[in-house]
Amino acid sequence: MRALAWLVWRELVSEWRGRDAAWTAALFSLAAAVSFGFALDPVEHDLAPLLPGLVVTTLVFAATLVLSRSFAREREAGGLDGLAALPVDRACVLYAKAAASFVMLLALVLVIVPVLVALLGFRGPLAWPPFLAALALGAAGLSLAGTVVAALAAQARAAEALLPVLLTPLLLPAVLAMARIGAGLAAGAPAAELGLWFRLLGAYDIVLGVIPLAVADPILSD
Amino acid sequence: MRLLYWAAFAGMELALYQALVAAPTERFMGDVQRIFYIHVASAWSAYLAFLVTLLAGVAYLRSRDLRWDRMALASAEVGLLLTTATLASGSIWGRKVWGAWWTWEPRLTTTAVLWLIYAAYLGLRRALDDPERRARFAAVFGILGFFDVPVVHMSVRWWRSIHPSTIGPGRMDLHPQMLQALLVSAAAMTALYALLVGLRARLLALEAAAEAREAGEA
């Protein structure tokens with residue numbers, strides 16, 4: 001447990017020193033928001049019903065940037081051998097990476113939501129706490145699946161291009177559940193009626209939470 | 001192997017006869033319903049193919065024997081082919097019966113996601129050069145992909161549902177002759193699947209042997 005906490009800390013400190021992932025993901029989100037504005041025209045159309053879906057889409061694509069940086073840092077620093085040689089369980093390394101990515105994705109949510117709301121002119125009642133809770137649950141699944149897939153892609157050719165192709169189909173259940181919760185809340189449904197989708201997000205997180213235990217050794221043994 | 005050739009060949013002939021001639025014409029949908037026999041048979045074989053990819057991947061991780069990896073790859077390729085056949089035949093049927101080539105219906109959507117996941121599986125393999133690492137990573141992705149599929153299916157089922165469910169819990173609405181045609185088609189398609197995987201795995205083994213010999217001479 002102490003080793004895990006230390007590894008998470010190490011991840012966050014090394015990201016804080018470079019701040020590559022944070023900057024690129026935040027700027028990408030801003031660029032995406034402006035593109036949505038140009039493409040969908042919030043002056044002519046009411047984008048309120050689309051807003052939760054746009055938030056989720058932006059989050060998922062910005063997340064691939066965060067996740068690809070997570071292992072690119074190791075590769076630039078001399079390969080994944082150092083990680084494999086750490087005197088801790090290898091699953092621990094994956095969980096630490098996932099936890100650090102999760103923290104960064106939460107920060108990213110706090111960038112994406114206000115930027116999209118401000119630029120796309122969202123009005124009307126949306127129950128923010130349940131929507132943010134759904135995004136947080138989704139971000140947990142994104143980080144877990146993304147860490148495993150990024151570890152594979154990082155050791156392949158064209159890692160950055162490969163990651164979204166491998167990852168996007170695996171994330172679809174989380175995308176659907178987050179977007180359904182957002183759309184339901186925007187339409188005025190009480191959070192209690194959306195319990196099904198919250199349970200789905202929970203199930204998704206649990207399935208992906210167990211997988212690193214089974215695959216950490218084959219991914220990090222070289 | 002020779003037996004499989006005959007089983008696949010004779011099975012397909014018999015399945016075509018059963019589906020096109022012997023089975024009665026469906027009252028509401030007419031002849032287009034006959035696609036159903038090919039459609040369900042290829043869907044079933046595709047699921048089997050991806051299960052084999054998963055199991056062969058796990059067997060590889062345990063034994064580190066590249067024969068298992070070739071089996072996993074061969075099964076994934078044939079599975080992708082069968083998934084394409086499932087989507088194409090379903091689409092043709094849907095155009096006639098639902099009036100649209102594509103709907104966001106659960107089983108359809110799940111199958112499309114399945115297609116994407118195993119296309120990505122082949123993409124990952126292409127991006128890895130070292131055979132041992134490629135086998136290891138492909139097995140990991142196979143595990144991840146396979147366990148994602150039930151969650152995908154559950155999620156789209158909650159989303160919406162209009163797929164005709166013939167074989168549900170405790171009900172079976174098929175004419176006996178139709179059921180017979182379905183079972184024969186499924187058996188024939190499974191034999192064809194086994195034949196194609198066997199041929200592909202043998203080809204992969206020959207390729208690996210040729211590469212090893214070239215490396216030895218160089």
Side-chain angles (χ1 to χ4, degrees), chain A residues 80 94 141 144-149 151-181 183 194-222, chain B residues 50 54 57-64 68-69 72 80 83 104 106 109-161:
Chain A
L80 300 181
L94 290 184
L144 287 162
T147 301
V148 172
V149 176
L152 298 176
Q155 301 176 68
R157 268 186 282 123
E160 283 79 10
L162 191 59
L163 179 63
V165 177
L166 298 180
L167 189 54
T168 312
L170 298 177
L171 296 182
L172 288 173
V175 169
L176 180 61
M178 287 189 283
R180 288 298 95 203
I181 291 171
L194 301 164
L196 193 67
W197 295 113
F198 279 103
R199 281 205 294 282
L200 178 78
L201 279 176
Y204 181 75
D205 289 354
I206 290 170
V207 170
L208 290 165
V210 175
I211 284 179
L213 290 176
V215 301
D217 275 323
I219 294 179
L220 292 177
S221 66
D222 251 340
Chain B
F50 297 137
L54 169 80
V58 172
Y60 171 77
L61 289 181
R62 284 174 163 261
S63 67
R64 303 287 160 135
W68 288 115
D69 180 57
L80 201 60
T83 312
W104 289 88
T109 312
T110 308
T111 309
V113 177
L114 201 62
W115 193 95
L116 282 175
I117 289 176
Y118 285 91
Y121 172 92
L122 296 183
L124 174 67
R125 298 189 63 108
R126 285 173 60 95
L128 291 157
D129 296 322
D130 173 42
E132 188 277 329
R133 178 186 278 178
R134 181 168 60 215
R136 200 148 38 88
F137 283 15
V140 169
F141 192 76
I143 293 173
L144 200 59
F146 194 85
F147 286 101
D148 206 55
V149 170
V151 190
V152 172
H153 185 68
M154 201 162 59
S155 63
V156 278
R157 233 183 57 199
W158 288 342
W159 194 16
R160 50 192 52 142
S161 189

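Note that these values count all heavy atoms, side chains included, but never hydrogens, waters or copies made by symmetry.
Proximity to chain B is limited to the side chain of A:Leu176, based on heavy atoms less than 4.5 angstrom apart. The contact between B:Leu144 and chain A is made by backbone and side chain atoms together, counting heavy-atom distances below 4.5 Å. At a 4.5 Å heavy-atom cutoff, B:Arg134 makes no contact with chain A through either its backbone or its side chain. Neither the backbone nor the side chain of A:Leu167 comes within less than 4.5 Å of any heavy atom of chain B.
Contact tally against chain A (heavy-atom pairs below 4.5 Å) for B:Ile143, B:Asp129, B:Val113: the top residue is B:Asp129. Your options are A:Leu196, A:Leu208, A:Val149, and the one with the most heavy-atom pairs under 4.5 Å with chain B is A:Leu196. Comparing A:Val215, A:Leu152, A:Val148, A:Thr168 by heavy-atom pairs within less than 4.5 Å of chain B, the highest count is held by A:Leu152.
The closest donor-acceptor contact from the side chain of B:Arg133 to the backbone of A:Gln155 lies under 3.5 Å.
Residues passing the salt bridge (charged side-chain N to carboxylate O under 4.0 Å, His left out) test with B:Arg64 are B:Glu132, sequence neighbours excluded. The ring-ring contact (aromatic ring centres under 6.0 Å, His included) search around B:Phe50 returns B:Tyr118, not counting sequence neighbours.
Within the structure, side chain to side chain donor-acceptor pair (under 3.5 Å) pairs that include any residue of residues 198-217 of chain A comprise A:Arg90-A:Asp217 (at least two apart or interchain).
Two residues are said to be in side-chain contact when any heavy atoms from C-beta on lie closer than 4.5 Å; A:Leu170 and B:Phe147 fail this criterion.
The two residues B:Ala120 and A:Leu166 make their nearest non-hydrogen contact at O-CD2, 3.3 Å.
Here the straight-line distance linking atom CG of A:Leu172 with atom CD1 of B:Ile117 works out to 8.0 Å at 0.5 Å rounding.
The interface of residues 156-164 of chain A with chain B, defined by heavy-atom distances below 4.5 Å, comprises A:Ala156, A:Arg157, A:Leu162.
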